[in-house]
Amino acid sequence: MKKELAKNYDFKSVEDRLYTNWLEKKYFHAEADETKKPFTIVIPPPNVTGQLHMGHALDNTMQDILIRAKKMQGYNALWVPGCDHASISTELKIVEALAEEGKTKEDLGREGYLERAWQWKETYGGRILNQLQKIGCACDWDRERFTMDEGLSDAVLEVFVRMYDEGKIYRGEKLINWCPNCQTSISDAEVDHEEKEGSLWHLCYVIDGTQEKLCFATTRPETMLGDTALAVNPKDERYAAFVGKTVTVPVVNRKIPVIADDYVDMEFGTGIVKITPGHDPNDYEVGLRHNLPVINIMNDDGTMNENAGKYNGFTSKDCRAAIVREFDSLGLFVKKEELKHSVGVHERCGEVIEPLIRKQWFVKMAELAKPAIDVYLNKELNIVPPRFGKIYLNWLNNIKDWCISRQLWWGHRIPAYFCEKCGKITVSKTAPEKCVHCGSENLKQDEDVLDTWFSSALWPFSTLGWPKETPEMKYFYPTDVLVTGYDIIFFWVIRMVFSGLHHTGQKPFKDVLFHGIIRDAQGRKMSKSLGNGIDPLEVIEKYGADALRISLIMGTSPGNDSRFKWEKMDASRNFLNKIWNSARFILMFDSENIKGDEANLTSADKWILSKVNNLALEVTENLNNYELGLAVTKIYNFLWDEFCDWYIEMVKPRLYNEDDDTKAAAIATLKTVLTNSMKLLHPFMPFITEEVYTSVLSGESIMISQWPFYNEALKSEKEETEIELVKSAVKNIRNIRAEKNVAPSKKIEAVIVSEDAQIRDTFTRSENFFKTLANAFNLTVPEKFDICGDEYVSFVIDGAVVYLPLAGLVDIEKELQRAEKEKEKLLQEIKRAEGKLKNEGFLAKAPQKLIDEETEKLEKYKAMLEKTDEQLNALRR
RNA sequence: GGGCGCAUAGCUCAGCUGGGAGAGCGCCUGCCUUACAAGCAGGAUGUCGGAGGUUCGAGUCCUUCUGCGCCCACCA
C-alpha cells in the first residue's frame, strides 16, 4: 500500500501540530552540559504588552535560523526568551485606559496603580510570545524571563547599589530632557529630532541708563522670562562696547549682563543671543562658564510657573503670543522671519521636549565607555555588517552621562532612601531600617523608577541568573550572538556591552548581527499613522510561517532594509509546494521490496550526491558568516533546478522500470539528497522540512537530526563533468526542437559523434536521459559520421557533434547562419582566453589554478572551432 | 557640519575574500508529459549612476561628481 499525500502543501494542517510536538518533546530546552559546546542567544525582549510586527518577525526568524542550525551541528543551543516591562510605553497605555474610565493614576495611588499595571501585564503580556511561537521560534520557554520578575529585579538593585558605591551613579541637578506629556525626564537617546517650520522673532532689550536697544533673534520668545544674560561674540566689534553693561528684561524687570562668549555665531541673526540657562542646553553651558543664575520658568506639564510673573499658568504657546504682543507694544519688536529648524520630540509620544533643570539620577559614562571602545578596537566584539562599528564607536566617543531616573511608577523603583532628618541618602537593595549617616529611622524611598534600558542593559546576564553564580551563567555566558535592528544600537546594544564588561568582566556577546527595517511595497516605513503596516500573523494565516520566513530572508543582505511584497509570498508558497511535490514523488516509489542494490550508483546518482555535499559546505560556511540570504538562495536553486528539474527527471525511467537493477540506488539517492537538503533548509523553513522528514523520510525529528557536513569522500568530479556534458547536449536539443517547432510529443532521433571513446561511452550510457529529457530516441553514437546536408540539424558541444535528423525542417541557409554565429562566439572566446594567456602580467601574477583553467578552456574552444568549421564545410557542399 | 547606505534586466533585489553579469516577479513562444499548471520546456532584455585611477584583470578596491535615503551633531 503506497502512502498518499495531498497534491498541494497544506501548511495549516502542519505548523501548529509540529510546534506542539516540539514543545512536548522539550526539544527547545537546554541545560548546562560541560560535555557539549554551548551556543547562546538571548532574545531582544519585546515590550510585554506589544504586538508582533514585521521587525520582530525578521529579527526572530534570524535568531531561530542560527539556533536551529547550531543545534543540528551538535551545539548545546539555548535561546532565552522574554519580555521587557517597557516602562514608558506601558505606562502610557495604562494611563490611557484609565482616562477612558475618567480616572487618573493619582486617583488610584501608587499601590492601586501598580496593581492595575500588573493586571494589565497579566492580560496582555505574553501575547507576543505566543505570536513568536507561530513563527516557529525554538525558544527555551522554560527559561522565559521578564525584566520585572524577581531575579531580574534583584540584578537591577544589585547593579544600582554597586555603581552608587563606586561613585558611578550620582544624583545631580542638571539640564535634562523633559517630556511634558509623559511628565518625566528622558535620556538623550530618547529624543528624536524633527525638522519643523518655525519662526524667528527679532526682539530687543534696552540698555540700562540709555535709550539704546540691543536686538536679538529667538525661536522661543517666551523663554525670555528666564533670561539671565545677553551674549555676543568676543571678536564682534559691533558690540564690544556693550560687554559688561546690563540690560533690563521687560515683563519681569530683571537686570542682566551683556557677556562675551565664543558660542555666539556673529553671522546668525543679529549676532546677539539671549541666554536662558534654565531651558536650553547651549545656554546652560554658557551659564556655567559665566556663573549665570538659572531660572526655571516651567511647570511639569509645560505651563508657565510663578517665575513667569503675570504669565503664571499660561501654556507656552499662549505665553509666546502674549510676550510678542507685549514687546510690540513696548516698541521692542523688530520683525518675524520664517525659519526651518529641528525640534526635539519624545520618540515614544511625539511631544516636544522641554529642556529644563531637574534633580535626577545619572550614570557617569566616561569610565564605562572606555572598555566598550577597547573591546571593539581589539576586535573582540565582532559587528556585522562592519559599517555599524563606526556608529557604535562614534556614540561611545561622544557619550554624555546617562539620565536614568524616570518620574513614572511602572518600573524598578530606585533603591535610594532620603533621610528626613539629615537629608542624606542611603542606598540599599532592601529598605534600610536607619539612615546610615545619622541613624534616623525617618526614611523615605525615592519616588522615581529607573529607565527601562537600565534593566535591558543587564539582559544577557540577568536572564542567566546573575548576580548569582548559577551553572547557566558559567556555561552559557558570554552569549554568542546578538541579533537586532540597527535602530537600537544606542538604546540597547552599547549599554549591554559596557554593562556586561563592567559587571561580569566579560563582553555580553561575541558577535552582533544587525538587520534592516522591513518597509512596505513602496519603500515607506511601516507605521501606525500611515496605516501601511502588514501584520505578520495575517501573512502566516494566508501563507504559513515557512513562507513568511523565507520571504523575509531570501534575497536580502545583512543590515539592508527590504520591502514586503505579497508577490514575494506567492513565490515562497510555490517553493513550498515544489518541495512538497518532490517529496510526494519520492514517496510514490518508496516501498519495501525494491529490486537491486542500493550501492549500485549511476553517474547521475554520484553527480547529485556530490552536488548536495558541496551545497552543505557552502551553506555551512554562509551560516557561519551570517550570510543567511545567500545560504537559502543556494538551497532554493539546488532543490528546484538541480534536484527537481534535472535529477528527478533523469531517474524517472529507472523508477518506472520494474526490472531496472539500479532502481533501489535511485530511490536511496533520492532519499539521501532530499534528507540532506531538508536538513540544510530546516533552520530556514522548520515546518515543511520537519513534515517531509517525519512523514516521507520516516525520521523521528529533523530538529534533533545531524547536520550534513561536507564529506570529501562524496566528491565525484568525473561524474559531475559527465552529467554537465549530457545536460548541455540535452539543452541544445531542446533548444532546436523549440526553434524548429517540433512538438514536444514528437519523438526524434539523435546521432552523437565523437572520436573520444570515453565520451562515446558516456553518451551510450545516457541513452535514457535523451529519451526522457529531450524525447530523443534511437540514439546512435558513432566515431565518425559523414552524412550531412539538408537531412540533419547539427551542433557542436565539448568533445562531440550532435546530429538531429529533421528532414523537411532543415533550411541550409539558416543552418549556415547558426554555425556562423556559433563560430563567431567561439572565436570571441578564443580571443578572450588567448588574450589572457598571452598577457605576461596575467601569467606572472594570476593564480596557477586560473591559468590552468584558461588553458583548458582555450583547448576546448579550439577543438569546438575545428568541428564547427567542418560543419560549415559540410553545409556548403 | 560629521558619518553611513543605496544607485545592477520593465519591477523588487542578490552578487560572500577582485578572475567570464544572476534570481524572483513580469513579458514572448510551445506544452493540462503518469510529483507539482502554485507546473514544464524554450526565449528576449543590462554602457552594473557619470568621470578618473589602482591592477595582468574592477559590478566588486581608491578618488571625485550626480541623484535618493538614513544616522549623529548643531540650529538665537
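So that the names make sense, note that chain A is the first sequence line, chain B the second, and so on, each numbered from 1.
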Give the rounded distance in Å between these two atoms: CG of N397(A) and P of G2(B). 18 Å
Rounded to whole Å, the CD1-C1' distance (I518(A) to C13(B)) equals 13 Å
Just how far, in rounded Å, is C1' of U33(B) from CZ of F585(A)? 13 Å
Distance-only polar pair, side chains of N398(A) and N394(A), donor-acceptor under 3.5 Å: yes
Crowded around Q848(A) CD? As in, over 12 foreign heavy atoms under 6.0 Å? yes
May I ask you to say what L630(A) touches in the nucleic acid, namely base, sugar-phosphate or nothing, with a heavy-atom cut-off under 4.0 Å? base
Candidates C16(B), A38(B), G24(B) - which lies nearest the side chain of Y636(A): G24(B)
Closest listed nucleotide, where the reference is the side chain of N560(A) and the choices are G5(B), C16(B), G42(B): G5(B)
Return the nearest nucleotide to the side chain of R734(A); candidates are G39(B), C6(B), A41(B). A41(B)
For the residue pair F575(A) and W640(A), does the interplanar ring angle fall in the parallel (under 30°), tilted (30 to 60°) or perpendicular (over 60°) class? parallel
Name the pairing partner of A73(B), where a pair is Watson-Crick or G-U wobble with both distances under 3.5 Å, or state none. none
Atom pair distance, as rounded to whole Å: CZ in R524(A) and P in G69(B): 14 Å
Is it the case that Y9(A) and N581(A) place a side-chain donor and acceptor less than 3.5 Å from each other? no
Complement of C11(B), any strand, by Watson-Crick or G-U distances under 3.5 angstrom: G24(B)
Roughly how many Å apart are U34(B) and G39(B), using the C1' atom of each and rounding to a whole number? 14 Å
Where the side chain of K390(A) is defined as all heavy atoms beyond and including C-beta, which of C16(B), C4(B), C36(B) is the nearest nucleotide? C4(B)
Roughly how many Å is it from NZ in K838(A) to P in G57(B), rounded to a whole number? 18 Å
Can you measure F575(A) atom CZ to A23(B) atom C1' for me and round it to whole angstrom units? 13 Å
Could you check whether the rings of F589(A) and F585(A) sit parallel, tilted or perpendicular, using 30° and 60° as the cut-offs? perpendicular
So which nucleotide from A73(B), C36(B), G15(B) ends up closest to the side chain of H193(A)? A73(B)
Without decimals, in angstroms, what is the distance between N577(A) CG and A37(B) P? 8 Å
What's the CG-P distance between N581(A) and C32(B), to the nearest Å? 19 Å
